[in-house]
Amino acid sequence: MADSKSPYGFRYIGAKRRTKEHPRFVMGRGRYVADIALAGVKHVAIVASPYASAKILSINAEAALALPGVHYVLTGEEFCAATDSLAIGVDTPKVTRYALAKDVVRYCGEWVAAVVADTRAIAEDAVELIEVEYEQTPQVVDPEVAVQPDSPQVHPEHGSNVLFHRRFVWGAVDEAFAKAEHKVALRVRWGRSSTVPIETFGVAAQWDPGREILDIWASIQMPKFPDQLARALRLPGNAVRVHYDVDVGGSYGVKRGIKHTALVGYLAKKLGMPIRLIEDRLENMRGGDMHGPDRLFDMQAAFDNDGTIRALKIRALDDVGAYAGRSPLQLGKPVSAICGPYRIKAVEYEPTSVMTNKTPQEAVRGFGQSPTNFAIERTIDHIARHLKMDRIALRKKNLLKKEEFPYLIPSGSTYDSGDYHTVLDKAMVAIDYPALVARRDAARKEGKLAGIGISTCLEPSGGNSAFEPLFNPKNDTTTWMDSCVVRVDLSGSITGIMGTSSSGQGHETLVSTVIGEVLGRDPASIRVVRADSLNALPSNSPVGSRMAIMLGGAAAGAARKIRETLIEIAAHNLGCTTETIEYSNGNVAVRGHPDKKMSWDELIAVAHRKYHQMPQGLEPGLQAKFVWEVPTGGKLPTPEGVVQIYPCYSFETHIVYTEIDPETAKPELKRYVCGHDCGVMINPDIVHGMTYGGIAHGIGAALYEKFSYTEDGQFESGTFMDYLLPSSMEIPSVDIVDHCTPSPLTTFGQKGSGEAGYLGAPAAIANAINDALAPLNTSVETLPITPDALWRAISASTAGGAVKR
Amino acid sequence: MKSAAFEYARASSIAEVCDWLRKGGDETKLIAGGQSLVPMMAMRLTRPARLVDINEIAALKFVALEKDYARIGACTRQCVVAADNALAKQVPLIRQALSWVGHSQTRNRGTVGGSLVHADPAAELPLAAQVLDAQLLLRSHAGSRIVGAAEFFEGPLATVTRADECLEEIRWPVWTEKRSGSAFTEVSRRHGDFALVAAAAQIALDADGRCTRAAFGLAGGGSIPMAFPALAAQLVGSTLDDDAINSVTHDAATALDPGGDLHASPGYRKQLAAVLAARMLRAARDEALKQ
Amino acid sequence: MEKLYPITVEVNGKQRAAQVPARLSLVDWLRDELRLTGTHVGCEHGICGACSIMLDGDPVRSCLMFAVQADGHRVTTVEGLLQADGKLSVLQDSFCEAHGLQCGYCTPGMLISSQALLDKTPNPSEEQIRDAIGGNLCRCTGYKQIVDAVKLAAQRLAAKK
């Protein structure tokens, strides 16, 4: 737990504070979408494709419609004619995407029809009665096959399975490779996994024909969600009202159910009934369209004898599944930290986004950065091995030094600040690195496979999504603002208003802490509410580790305006200039004249009731809005693909120790330390919590979790028995060591941390496992690293024969 | 994931259960803890027309220790059995197996009989029953019969229990030798998951440390959990040195025909089988040596 | 129309009578009929533990029981963990203090499992805590602060005695 006092000298920021959200959750009084009881609500269940690729020949819903309690069966024929395609992240207009398949299905689990019934059970009964006649067509499952021109086409109209391909060259890459004393090449693979929140996606919709408005309650985390929904349903933007005061049961990127919402919104309007679709776990896993990156990396590095890394070549092939959506852009975010935390002056990056007959990919925590970090960190370890150089020494040689910041990387982003060496040193002290090495070596002498893994990784934060124009020249968006309103009411109570939903990040705590800090008022007394989308100021939602920076900055900006107004009122009433007013805890006094003062209550009374005491030109009442643009944002990429993407860069280092039973090939994580620097922590408990959670998620991606497909595209991990979320028995007790290098770009020096832990854990674990395998001269480069894969590596290695049976 | 509709009846006696089964036949399914049945119903992998609930039948819930057998009522909760110290003394393998079964929430509801009748090929209690050759008392309206575990399991989720029969109690043989030991382990992907491979062994030694009786088995290596009485018999007379153990466990692993799935290949399962069986024989031996 | 079965269940100390179809799961009855929405649905196949409740004092998964099976039994949900005066229980308060939750979705199940642990094991080891919540999946916390919260609650309860 954090200290009760702020280590940064703030009053509330950085101090141990309970969150505003917890009491309702521990009482069982959260308000999640499935808890919202709309009178007379009807329930949707989905008919899903059993095939990876097929033509739909016919759909017969007669028997289903005859079932008592069934109201409607919707198919793609009707839905696709009545709505517009969902938005596509890249310039591929023919890769259209609707909630329901029409004519063809492109993945196992794709939605074919939707049943509306009185209860979910009856809807499921009806699903079983719907007869769909399919004719199977050739599928493509392997992304390396899918990129070939003669491969089966997932969207033949598009002419290729490739959604995006570009070769970026930043700096003198070829020259560096020509001059370098050494080169390595390796191939690593990041397996298809995702965040898989414990709450599935859910949405409820109600159409009010008298007001012509569609009300939506959803477990949503998505920028521009109301806008995209209105477009898909061909409604004006102000005919869709998204209620953000819905608690979201975890998201970490994926709660984007835009297709679900378009479907349910359409049905609610068409049938004139409130409708809800709460995915069950089977629907969620196969057809929820929330799988994550599935990525093959071909890495090359050029370096010298002394360990200086001159250049990288990164080829990334990402299998996004059957539809585009926003997923190709997950290859874009890594451009913002393409050389990692290292002084690598030339990088070639060749991302390819390819479609296959699998469930579509959605944004996952880190938006493609964690897979890239994993690939870079495996490369660093390969370089160390090649040079027989200590991995820490190699990292320290190439890590940017504190005095090099701000540092412009070849792809155009400037890293704001950092002190990577100190964070690494702190982590090494915390884990007693020499003792850990001795422990590993002793374990090896006893015949165990033991390894230490290190990763040093970045978390780009602040959510400036300039990869959008980078990957799609037709998209010239350059702003990703966030906003906040602060109101002080007649009683002097403060309310902060935000315009987005939260899924566990503690935004109400963030906003109240920041407002409290600026106004000197106790955050516990500050209420934070969520406007609906028609009442809200613009928000780009909690993506890209941005809310501490962006919502925090907006809340601070609005609170400062309130403070300035109060000071103006005070100066006017006390007969002095604003510069001589001293503001303290909401009360004011004239500097040097402590008797000339006004209390908070008096100031509020003037603002709300006493126009005759208000300075001229000031609005009565007391409220302020602040809309903040991302610092360093606002620019389009150059033709060469150089652009500042994220403003702030958090740093994390992981040191993990593993032992693998050489006979059962089962790895165990025995010790885990994470050194972390995300600048000023507004609420340290929240930052630590997200970091522990990110590490656990990273352990899942590294060792347990995979959406698995058979060669014919059958989905085989559609339940929690086959998709393995790690439990408290798999996740070790992790120690976090903090460090603070404030960002010069943000209000309080904060950086982002919502993706912390996840960005470096898989890399460190893969490095630890492979350190354990090193004495056998073998390695496993595919995540998740399963016991079966380890056994195959161990038994195939030359030394494996010596392992005791 | 809502079950298909069904009728429900709560039975208050074994006779009533037999009556329902006589009338209902294949359409009727008994529900005990429901920890495996209900998920299958929710996924609509099974859809009984009628569920007969046996949870309220007191006569099916007991642990009775007799000289040669520990008798456990079919509907006795796993948590109750695991907590029974006297039972753990007489038949330690049961508690050892249960420590690998699910989680506290599922053991609070799951029953011993339910796990055996469900007959998952990788489940722990069926393996323990095989290794000890537990005797299963099956009851129908027409009478009762006792089936040894060796005949009870027919295949994945299949046993010799007829549609009109219910499992009433399980008799676990007590080894009365002064020096005996048992051990159970498994490798699963996560704690509480079904085993990729589970292994169990029980050993009795004479005063000189020579094996007088041995039993061991493996689950996850085929369509049913398997015991290897013939191979175990080869250990009798030996001091259970590594060579003796490795020889029989190697043969046992070779005899397996495990399937492959996304979690483990057949080859890996065979490796686990050989390793874990040998480890459990050694562990059981060491346990016996302490006495 | 499906056949309905009469049930009477003691839920959080109150007798609740209802007519339910046989296939209605206990968690759906608690949530949709009784509006006790603190108990959550995560997987409906018995793995995630979000639906954990106490049945006659022991934690079980309420997605793996039909409501009709609860007839005559005693159910405690997260709503029933509050103290009689409506204040947070020591365990609930400790979860707030130790930041043992984030999105709150797994939290009711975690509270049920750890309360059941503390009821029987007042001074649990870290291993016992991890085992007790081993059947409750959490995606936010990495479990560390949950374990801390249960430890804190145990300390506070011991100090009260």
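The structure presented is a predicted model; accordingly, all values stated were derived computationally and were not measured. Chain letters run A, B, ... following the sequence lines, proteins first, then strands; residues in each count from 1.
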Task: Contacting moiety of P197(A), where chain C heavy atoms sit under 4.5 Å - done: backbone

Open item on the list: How close do G249(A) and C103(C) get, counting heavy atoms only, and between which atoms?
Closed with: C-SG, 3.3 Å

Task: Pairs of heavy atoms under 4.5 Å with chain C: top-ranked of G506(A), G700(A), A34(A), S502(A) - done: A34(A)

Task: Toward chain C, the part of I699(A) with a non-hydrogen atom under 4.5 Å - done: neither

Task: Heavy-atom contact with chain C under 4.5 Å, split by part of P732(A) - done: backbone

Task: Pick from M285(A), R31(A), E705(A) with the largest number of heavy-atom pairs that fall under 4.5 Å of chain C - done: E705(A)

- [ ] Could you grab the distance from atom CZ of R120(A) to atom CG of D28(C), nearest 0.5 Å is fine?
- [x] 10.5 Å

Task: Portion of A50(C) that has a non-hydrogen atom of chain A nearer than 4.5 angstrom - done: side chain

Open item on the list: Could you check whether atom CD of Q15(C) has more than 12 heavy atoms from other residues, nucleotides or ligands sitting under 6.0 Å from it?
Closed with: yes

TODO: Report the option among S251(A), P726(A), G694(A) that has the most heavy-atom pairs separated by less than 4.5 Å from atoms of chain C.
DONE: P726(A)

Task: Residue part contacting chain C, namely of I695(A), when any heavy atom lies under 4.5 Å - done: neither

- [ ] With a 4.5 angstrom heavy-atom cut-off, could you sort out which part of L152(C) is near chain A: side chain, backbone, both or neither?
- [x] side chain

- [ ] Nearest 0.5 Å please: distance from the CD1 atom of I36(A) over to the OG1 atom of T37(C).
- [x] 10.0 Å

Task: I731(A) backbone acceptor or donor facing K144(C) side chain under 3.5 Å - done: no

Open item on the list: For D35(A), is there any backbone N or O sitting under 3.5 Å from a side-chain donor or acceptor partner on R35(C)?
Closed with: yes

- [ ] Output yes when R23(C) and D125(A) qualify as a salt bridge under the 4.0 Å nitrogen-oxygen rule, no when they do not.
- [x] yes

TODO: Go through the atoms of V147(C) and report whether side chain, backbone, both or neither lie under 4.5 Å from a heavy atom of chain A.
DONE: neither

- [ ] Let me know if E97(C) has heavy atoms under 4.5 Å from chain A in its side chain, its backbone, both or neither.
- [x] both

- [ ] Output the option from L111(C), D93(C), L91(C), T77(C) having the highest count of non-hydrogen pairs under 4.5 Å with chain A.
- [x] D93(C)

TODO: Of all the heavy-atom pairs spanning G142(C) and A696(A), show the shortest one and how long it is.
DONE: CA-CB, 3.5 Å

TODO: Ignoring hydrogens and angles, tell me if any N or O in the side chain of R29(A) forms a donor-acceptor pair with the backbone of G38(C) under 3.5 Å.
DONE: no

TODO: Sort T107(C) into side chain, backbone, both or neither according to what part of it lies under 4.5 angstrom from a heavy atom of chain A.
DONE: side chain

Open item on the list: Which residue is it: I133(C), D131(C), N136(C), L137(C)? I am looking for the one with a side-chain contact (heavy atoms from CB on, under 4.5 Å) to S727(A).
Closed with: L137(C)

Task: Under 4.5 Å from a heavy atom of chain A, the part of R130(C) involved - done: both

Task: Spacing of SG belonging to C96(C) relative to CD belonging to E21(A), to within rounding of 0.5 Å - done: 10.5 Å

- [ ] Output the option from Q92(C), H40(C), E2(C) having the highest count of non-hydrogen pairs under 4.5 Å with chain A.
- [x] Q92(C)

Open item on the list: Out of R31(C), M110(C), E44(C), return the one with the most heavy atom pairs under 4.5 angstrom to chain A.
Closed with: R31(C)

Task: Main-chain N/O of G689(A) paired with Q102(C) side-chain donor or acceptor, under 3.5 Å - done: yes

TODO: Ignoring hydrogens and angles, tell me if any N or O in the side chain of H45(C) forms a donor-acceptor pair with the backbone of F720(A) under 3.5 Å.
DONE: yes

TODO: Considering only heavy atoms and a distance below 4.5 Å, find which of I278(A), I122(A), D280(A), T719(A) pairs most often with chain C.
DONE: T719(A)

TODO: Check whether more than 12 heavy atoms from other residues, nucleotides or ligands sit under 6.0 Å from atom CG of D245(A), and answer yes or no.
DONE: yes

Task: Which atoms of S733(A) approach chain C - backbone, side chain, both or neither, heavy atom under 4.5 Å - done: both

Task: Side chain, backbone, both or neither of T195(A) within contact of chain C (heavy atoms, under 4.5 Å) - done: backbone

Task: Structural part of T19(A) lying under 4.5 Å from a heavy atom of chain C - done: side chain

Task: Taking every non-hydrogen atom, the tightest pair across T200(A) and G42(C) - done: CG2-O, 4.2 Å

TODO: Below 4.5 Å from any heavy atom of chain C, which atoms of Y32(A) appear? Answer side chain, backbone, both or neither.
DONE: side chain

Open item on the list: Between I686(A), D247(A), T691(A), who has the most heavy-atom pairs with chain C when the cutoff is under 4.5 Å?
Closed with: I686(A)

TODO: Identify which of P68(A), G28(A), P23(A) forms the greatest number of heavy-atom pairs closer than 4.5 Å to chain C.
DONE: G28(A)

Task: Any donor-acceptor pair under 3.5 Å from R139(C) side chain to E199(A) backbone - done: no

- [ ] Please look at Y143(C) and chain A and tell me whether the side chain, the backbone, both or neither of the residue comes under 4.5 angstrom of a heavy atom of that chain.
- [x] side chain

Task: Under 4.5 Å from any heavy atom of chain C - which part of D685(A) - done: both

Open item on the list: Testing the basics here: between F25(A) and L101(C), what is the closest heavy-atom pair and its distance to 0.1 Å?
Closed with: CB-CD1, 3.4 Å

Task: Partner of H99(C) under side-chain hydrogen bond (donor to acceptor under 3.5 Å, both in side chains), chosen from R18(A), H22(A), H688(A) - done: H22(A)

